[in-house]
Amino acid sequence: MKLCPKCSRSPLPFVMILLISSVLAYITWLMLGLSQIAPMPRLAAGAAVFIGIGTTLLHYVISCLKRHCRHDHVHQGAPNQTFSRPA
């Protein structure tokens, strides 16, 4: 995970990932409690939702931080590199 040093200082996006994942895992755990499922499968389903949502949001946030970085730093790629459209 190579992020710009200025972009990676703020913990807010990562705190939001933790908050959203936790809330959705808790809601999943509560909803499965209404269906008379044993406690261990409820806990496993909540953990799976937490890991799945957390991983997806982490990937999204990191890609957005890389894509929208506006700080001055050297970009990867060859100088004077041009891209042409196919005819």
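If you're wondering where the values come from, they're calculated on a predicted model, not measured in any experiment.
Note: the hydrophobic cluster containing L34 also contains I27 (ILVMFWY, side chain heavy atoms under 4.5 Å, direct or indirect links). Cluster membership check: L32 does not share its hydrophobic cluster with L24, using side-chain heavy-atom separations under 4.5 Å among Ile, Leu, Val, Met, Phe, Trp and Tyr. Residue Y60 is not grouped with residue V23 when hydrophobic side chains (ILVMFWY) are merged at heavy-atom distances under 4.5 angstrom, including chains of intermediate members. The same ILVMFWY cluster, assembled from side-chain heavy atoms under 4.5 Å apart, contains both V49 and V61.
Panel note: side chain S21, backbone L18; no donor-acceptor pair is recorded below 3.5 Å. Checked by atom type and distance alone, the side chain of T55 never pairs as donor or acceptor with a backbone atom of G52 at under 3.5 Å.
Interatomic distance, I20 CD1 to I53 CD1, rounded to the nearest 0.5 Å: 9.5 Å. To the nearest 0.5 Å, atom CD1 of residue I37 and atom CG of residue L43 are 12.5 Å apart. Here the CD atom belonging to Q36 is positioned 9.0 Å from the CZ atom belonging to R42, to the nearest 0.5 angstrom.
Minimum heavy-atom separation, I17 to L58: CD1-CA, 3.6 Å.
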message: For R67 and S63: C-alpha separation, side-chain torsions, deciding distance, then whether side-chain contact (heavy atoms from CB on, under 4.5 Å) applies.
response: CA-CA 6 Å; R67 186 180 321 120; S63 66; 3.9 Å; yes
- prompt: Are T28 and F50 close enough, and set up right, to give a side-chain contact (heavy atoms from CB on, under 4.5 Å), and what steps lead you there?
  reply: CA-CA 9 Å; T28 301; F50 178 79; over 6 Å; no
